[in-house]
Amino acid sequence: PAFDLKPYQRQGTLASANRQLHWFEEADGSGGFFTTDTPGTKAVVGFAAGRTCRLGEVTIEPQSRFGAVYVTAREPDGTIASASQLLIVAIARARNTGMKFSPDGKRLLASGQSPVLMEPVKATIAINRPRPARVVVLDQDGVPTKQTLPVVNGRFVIDGAKEKTPYYLVVFD
């Protein structure tokens, strides 16, 4: 049956009934992205390079052509506004070493093996909170490293190519 999208159209986007999810599509049909804006998680997923996505107290500006950037409260019932720690996950395409697909991309020809090769994601993130934050780079297993990122007025840049990880921990002191 036909589905009427008009009730979900909001200023050139499609919004979920609770308005926590928004879909933005390029006018030429070349792609798009969606945002998540809940009390506990803010995210931008898809082809959003060069966009500024304001999601409550978090602003995400992806610089990679494609990526998924999630900012989420670490506490089970925490919110972005009150959590003592936030976890950032920034991922894009991932493939096993030696993985091969058919020319049309529809069939897996070789599954490959470890290590998994990941496309890095770069983004500027701003978190509007009254307390200062530290951003700790986590390793690929989620273990804190000694490396931190500079934070200026709640704003910092993550760069998976430079830091060699998709994981970051924001700590409010």
Side-chain angles (χ1 to χ4, degrees), residues 1-83 85-112 116-129 140 142 154-161 165-168 170:
F3 184 77
D4 183 14
L5 291 176
K6 285 184 183 173
Y8 305 99
Q9 293 174 335
R10 305 260 189 284
Q11 299 173 340
T13 72
L14 289 177
S16 64
N18 64 10
R19 297 192 180 153
Q20 292 179 336
L21 300 171
H22 285 84
W23 168 252
F24 301 82
E25 187 166 348
E26 294 298 332
D28 64 2
S30 63
F33 65 97
F34 72 87
T35 61
T36 300
D37 187 355
T38 71
T41 298
K42 313 295 184 180
V44 177
V45 179
F47 297 92
R51 303 286 184 125
T52 298
C53 301
R54 289 180 180 84
L55 307 165
E57 51 280 284
V58 175
T59 300
I60 301 172
E61 300 175 46
Q63 296 163 24
S64 302
R65 182 175 177 273
F66 174 84
V69 179
Y70 293 85
V71 179
T72 192
R74 233 178 128 215
E75 294 89 355
D77 295 327
T79 67
I80 299 293
S82 65
Q85 296 182 343
L86 304 175
L87 178 64
I88 296 173
V89 178
I91 58 174
R93 293 183 294 181
R95 299 279 189 265
N96 288 332
T97 299
M99 187 178 237
K100 295 189 186 204
F101 290 90
S102 62
D104 64 5
K106 294 182 180 179
R107 289 185 312 132
L108 178 64
L109 302 176
S111 60
V116 174
L117 303 174
M118 297 177 61
E119 192 173 291
V121 173
K122 185 174 183 179
T124 300
I125 299 173
I127 302 173
N128 185 8
R129 295 265 306 256
Q140 292 184 6
R155 188 176 173 90
F156 54 94
V157 176
I158 60 170
D159 185 346
T165 187
Y167 305 118
Y168 305 83
V170 181

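The backbone N or O of Leu21 lies less than 3.5 Å from a partner atom in the side chain of Ser16, making a donor-acceptor pair. With Thr79 contributing its side chain and Pro39 its backbone, the two residues share no donor-acceptor pair below 3.5 Å. Judged by distance alone, the side chain of Thr72 and the main-chain N or O of Gly40 form a donor-acceptor pair under 3.5 Å. Checked by atom type and distance alone, the side chain of Arg129 pairs as donor or acceptor with a backbone atom of Ala81 at under 3.5 Å.
For the pair Tyr70 and Ala43, the tightest heavy-atom approach, listed with the atom from each and the gap, is CD2-CB, 3.4 Å. When every heavy atom of Asn96 is checked against every heavy atom of Gly112, the shortest pair comes out as CB-C, 4.0 Å. Minimum interatomic distance between Leu86 and Ile80 (heavy atoms only, all atoms of both residues): CD2-CD1, 3.9 Å. Considering every non-hydrogen atom in both Ala161 and Pro120, the closest pair reads N-CB, 3.2 Å. The two residues Met118 and Pro166 make their nearest non-hydrogen contact at CE-CG, 3.8 Å. The two residues Phe66 and Val121 make their nearest non-hydrogen contact at O-CG2, 4.4 Å.
Residues Leu55 and Val44 form a side-chain contact, since some pair of their non-hydrogen atoms from C-beta on lies under 4.5 Å apart.
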Report task. In sequence, state the C-alpha distance, the side-chain angles, and the governing distance for Tyr167 and Val89, and then conclude on side chain to side chain contact (heavy atoms under 4.5 Å, CB included). Result -> CA-CA 5 Å; Tyr167 305 118; Val89 178; 3.9 Å; yes
**Report entry** Test log, rule side chain to side chain contact (heavy atoms under 4.5 Å, CB included), inputs Phe156 and Ile127
**Finding:** CA-CA 9 Å; Phe156 54 94; Ile127 302 173; 4.1 Å; yes
Requested in this report: Starting from the C-alpha separation in whole Å, work towards a yes-or-no answer on side chain to side chain contact (heavy atoms under 4.5 Å, CB included) for His22 and Asp37.
Outcome: CA-CA 9 Å; His22 285 84; Asp37 187 355; 5.9 Å; no
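Atom CZ of Phe47 is separated from atom OG of Ser64 by 11.5 Å, given to the nearest 0.5 angstrom.
Defined by atom type and a distance below 3.5 Å, a donor-acceptor pair is present between the side-chain atoms of Ser102 and Asp104.
Judged as a ring pair (Phe, Tyr, Trp, His ring centres under 6.0 Å), and not counting sequence neighbours, the contacts of Phe24 are Phe33.
Among pairs with a residue in residues 46-58, those fulfilling side-chain hydrogen bond (donor to acceptor under 3.5 Å, both in side chains) read Glu26-Arg51, Lys42-Glu57, at least two apart in sequence or across chains.
Salt-bridge formation is not detected for the pair Glu119/Arg65: no Lys NZ or Arg NE/NH1/NH2 atom is positioned less than 4.0 Å from an Asp or Glu carboxylate oxygen.
Enclosure of atom CG in Asp4 by more than 12 non-hydrogen atoms of other residues, nucleotides or ligands within 6.0 angstrom is indicated.
Here the options are Thr124, Ile125, Thr165, the test is side chain to side chain contact (heavy atoms under 4.5 Å, CB included), and the partner is Ile158; only Ile125 passes.
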